[in-house]
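Structure record follows, encoded as structure tokens.
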2 protein chains.
Amino acid sequence: MPTVKDVAKLAGVSVGTVSRVLSENKAVKQPLKERVLNAVEKLGYKPNLAARALRTNRIDVIGLVVPDITNPFFAQLAKCIETEAAKRGHSVMLANSHDDAATERKQISALLDRSPRGMVVVAAADTAELGYHTDVPVVSLDRRFENFPLVSTDHAHGSALIADHLYQLGHRDIAYIAGPQNTEVGRSRKQGFISRIQDLHSENDPVTLRTYDGLFDYKSGEDIGRKVLTAWDDWRPTAIAAASDQLAIGVLRVARDLKLDIPADLSITGFDDIALASLIVPRLTTIRQPTERLAETALAYIFSEDASTTVPMKEHPLKGEIVIRGSTTAPEK
Amino acid sequence: MPTVKDVAKLAGVSVGTVSRVLSENKAVKQPLKERVLNAVEKLGYKPNLAARALRTNRIDVIGLVVPDITNPFFAQLAKCIETEAAKRGHSVMLANSHDDAATERKQISALLDRSPRGMVVVAAADTAELGYHTDVPVVSLDRRFENFPLVSTDHAHGSALIADHLYQLGHRDIAYIAGPQNTEVGRSRKQGFISRIQDLHSENDPVTLRTYDGLFDYKSGEDIGRKVLTAWDDWRPTAIAAASDQLAIGVLRVARDLKLDIPADLSITGFDDIALASLIVPRLTTIRQPTERLAETALAYIFSEDASTTVPMKEHPLKGEIVIRGSTTAPEK
DNA sequence: CTGAAAGCGCTTACAG
DNA sequence: CTGAAAGCGCTTACAG
């Protein structure tokens with residue numbers, strides 16, 4: 001592998017000049033610059049990234065920690081982060097926390113040890129405190145990690161869109177299956193839904209809402225869905241709003257087992273718009289998270305001055321949009 | 001950040017000794033070793049990975065290039081690779097090739113520039129030649145990249161298991177939806193299926209098999225499924241075997257649109273056993289790929305002597321197993 | 001068994 | 001505008 005030295009020799013300049021040509025580009029005059037570039041070309045020179053990293057104490061890598069890359073939403077997010085990072089010539093280092101605080105901590109410090117340019121973390125649900133003092137800019141994505149700035153969708157807003165949609169269709173008996181209440185995401189989605197329903201509710205035209213807390217996964221959807229749907233002698237919702245697509249799909253599954261016709265007998269909504277949402281039957285009405293913009297915003301922060309100057313980031317959550325598909329309709333009279 | 005120097009000073013030894021304690025461990029006598037370890041502890045010393053990389057020309061990182069991390073099977077694979085790498089103290093650098101040869105090439109050389117310990121690549125479908133000459137051990141996973149050693153499932157074997165299963169259920173009119181025929185995976189699965197059916201076929205008890213070529217994705221399943229299922233006046237399969245779960249799920253979707261009862265009217269099978277396969281209704285009969293063992297084998301190769309000595313790897317594909325679920329049953333008389 | 005020293009390949013003040 | 005030189009933090013022959 002050729003080094004700066006080889007390039008310098010071939011171009012008849014000093015290594016400093018080679019280095020300058022390869023970076024600042026200014027300063028160096030045209031004739032020299034050209035000779036260097038030619039030598040680089042001829043030798044197929046590629047800078048040794050480790051040496052550069054040692055010198056500059058910085059590496060063109062973004063660390064990314066997600067709870068589970070197998071979760072379609074996180075995979076989507078990871079893909080967008082990778083794309084955004086690539087735009088800036090950075091690679092991404094991926095680790096799974098398995099939604100476990102201890103593993104998360106281990107993974108984060110493993111990545112931090114490599115002194116990446118920045119760090120994006122989608123926090124584990126049960127994240128614990130662990131006081132980092134690092135120069136690496138860290139940003140939370142989707143779920144807040146510690147008290148690092150958070151880039152996320154406006155969950156309450158998304159939930160309100162769903163509430164509006166169901167209300168407008170005529171639903172007045174609604175069940176809400178919430179995500180884990182030890183997560184900000186779970187809480188804001190639930191809160192946003194409840195408070196919009198409260199706004200819509202009136203004495204003349206009352207809305208009955210029952211909420212159930214679960215996790216974000218399929219299984220939770222199945223379990224809670226079964227509970228809700230087999231207690232019909234008591235009370236019967238005409239619509240179930242779930243805090244995630246995976247929950248919604250779990251509910252859908254149970255509903256089908258129970259021979260219900262979706263959406264005729266029961267409307268179902270999700271949240272996230274994972275790829276699968278439009279592949280199941282019926283297609284799922286849901287909230288589309290702006291994943292590209294989330295990734296873009298997270299990386300923009302990392303590369304911004306603010307990240308290094310400890311200026312707290314202005315957090316303005318990004319709006320999602322409602323995607324109305326076949327899983328919702330007006331309730332039967 | 002403390003350095004070896006600081007540790008050495010505090011422990012009253014030379015930096016060489018510190019380094020030795022941190023690596024070889026042998027050689028250094030107990031009393032000194034202890035002092036060093038104490039100093040490390042007290043200072044919270046962590047080695048500078050860039051410096052180490054510069055010196056050893058090696059970094060504890062595995063590069064991983066997949067066509068699309070959003071594809072559930074690749075996500076599964078990535079997760080297992082990450083887990084295996086972590087066991088050996090390595091991090092994973094992830095890149096998506098978007099199933100495009102040019103992007104793949106770019107991503108691979110970007111990762112190679114960082115001189116990782118090894119490189120795992122799940123090739124893009126339309127991979128092109130690009131003659132790498134690198135010291136980094138490269139291994140192909142699932143789909144062969146160039147002529148690097150391949151770790152994969154025995155696709156033909158898996159397909160044969162499906163063929164056996166359908167035949168034993170009594171199916172004699174079968175459609176096979178193949179994956180892309182410009183990929184080894186697509187070809188072996190198709191070939192394995194066809195040849196097993198040919199073995200089963202006899203004059204007295206003939207089997208009719210029609211094959212259709214597509215991609216591995218949902219959409220292809222929908223498109224081809226529709227074509228096959230709406231041409232029933234001509235010929236009617238009682239079972240459709242698809243070359244991937246995603247294809248199968250696409251077929252399932254169309255079948256439902258056409259008011260078919262699965263499996264009563266039509267049996268459907270997939271391949272891969274992605275998480276989704278057991279979440280849809282009905283659950284999908286499919287071939288489970290041994291993802292953990294695939295990841296394990298790929299990394300074992302990278303860390304083996306063979307990888308550096310250019311000894312060609314013995315490629316023995318790993319057997320998958322059939323998972324029989326609700327999407328298959330005996331055909332109606 | 002341990003220390004002193006060289007050197008990995010860069011970048012960047014410092015002169016001129 | 002360009003060169004000579006120091007130094008980033010390690011590891012590893014080389015002596016002793």
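So you know, we letter chains A, B, ... as the sequences are listed, proteins then strands, and number each from 1. Both backbone and side-chain heavy atoms feed into the values below; hydrogens, waters and symmetry mates do not.
- Near-neighbour residues of DNA chain C inside residues 1-11 of chain A, defined by a heavy atom below 4.0 Å, number-ordered: Thr3(A), Val4(A).
- When each of Val122(A), Val66(A), Ile274(A) is paired with Phe73(A), the side-chain contact (heavy atoms from CB on, under 4.5 Å) condition holds for Ile274(A) and for no other.
- Counting only heavy atoms from C-beta on, Arg55(B) has its side chain closest to dC10(D) among dT2(C), dA5(D), dC10(D).
- Taking side-chain N and O atoms only, Thr17(B) has a distance below 4.0 Å to OP1 or OP2 of dG3(C).
- You'll find that the side chain of Pro47(A) is closest to dC10(C), out of dT2(D), dC10(D), dC10(C).
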Please produce a list of atom pairs where a protein N or O lies less than 3.5 Å from an N or O of nucleotides 13-16 of chain C.
from, atom 1, to, atom 2, distance (Å)
dA13(C), N6, Arg20(A), NH1, 3.3

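- A pairwise comparison of heavy atoms in Ile59(A) and Ala53(A) identifies CB-CB, 4.4 Å as the closest pair.
- Here the nucleotide nearest the side chain of Arg52(B), chosen from dG3(C), dC10(C), dT11(D), is dT11(D).
- With rounding to the nearest 0.5 Å, the separation of CG in Asn71(A) from CG in Asp99(A) is 9.0 Å.
- Taking atom CG of residue Leu49(B) and atom C1' of nucleotide dC8(C), one finds them 15 Å apart after rounding to whole Å.
- In plain terms, the two heavy atoms of Ile302(B) and Met119(B) that are nearest each other are CD1-N, 3.7 Å.
- The pair Arg293(A)-Glu296(A) fails the salt-bridge criterion, with no side-chain N (NZ, NE, NH1 or NH2) lying under 4.0 Å from an Asp/Glu carboxylate O.
- Between Arg35(B) atom CZ and dG3(C) atom P there is a gap of 8 Å when expressed in whole angstrom units.
- Put simply, NZ on Lys46(A) is 13 Å from P on dC10(C), counting in whole angstrom units.
- Closest approach of Ser97(B) to Ala124(B), counting heavy atoms only: OG-CB, 3.9 Å.
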Output field dot_bracket for DNA chain D (Watson-Crick or G-U, both distances under 3.5 Å, | for other-strand pairs) contains |||.||||||||.|||
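- The CG-C1' distance, from Asn48(A) to dC8(D), rounds to 13 Å in whole Å.
- Rounded to whole Å, the distance from CZ on Arg58(A) to P on dG9(D) is 16 Å.
- A salt bridge is defined here as a Lys NZ or Arg NE, NH1 or NH2 lying under 4.0 Å from an Asp or Glu carboxylate O, and Asp100(A) with Lys106(A) fails to meet this definition.
- The CG-P distance, from Leu22(B) to dG9(D), rounds to 16 Å in whole Å.
- At distances below 3.5 Å, at least one donor-acceptor pair connects side-chain atoms of Arg144(A) with backbone N or O atoms of Phe148(A).
- For the pair Ile59(B) CD1 and dT11(D) P, the computed distance is 14 Å after rounding to whole Å.
- A residue-by-residue look at Ala51(B) and Gly16(B) shows that Gly16(B) has its nearest nucleotide of DNA chain C further toward the 5' end.
- Side-chain proximity of Leu54(A) to the nucleotides dC10(D), dG3(D), dG9(C) is greatest for dG9(C).
- Among the atoms of the strands shown, only primed sugar atoms or phosphate atoms (P, OP1, OP2) are found under 4.0 Å from some heavy atom of Leu32(B).
- A salt bridge links Glu84(B) with Lys87(B): at least one charged nitrogen is closer than 4.0 Å to a carboxylate oxygen.
- When every heavy atom of Ile81(B) is checked against every heavy atom of Leu141(B), the shortest pair comes out as CD1-CD2, 3.9 Å.
- Judged purely by atom type and a 3.5 angstrom limit, Ser140(B) uses its side chain to pair as donor or acceptor with the backbone of Pro149(B).
- Across all non-hydrogen atoms, the minimal contact from Val121(A) to Val138(A) is CG1-CG1, 3.8 Å.
- With dT11(C), dT2(D), dG9(C) as the candidates, the nucleotide lying closest to the side chain of Thr56(A) is dT11(C).
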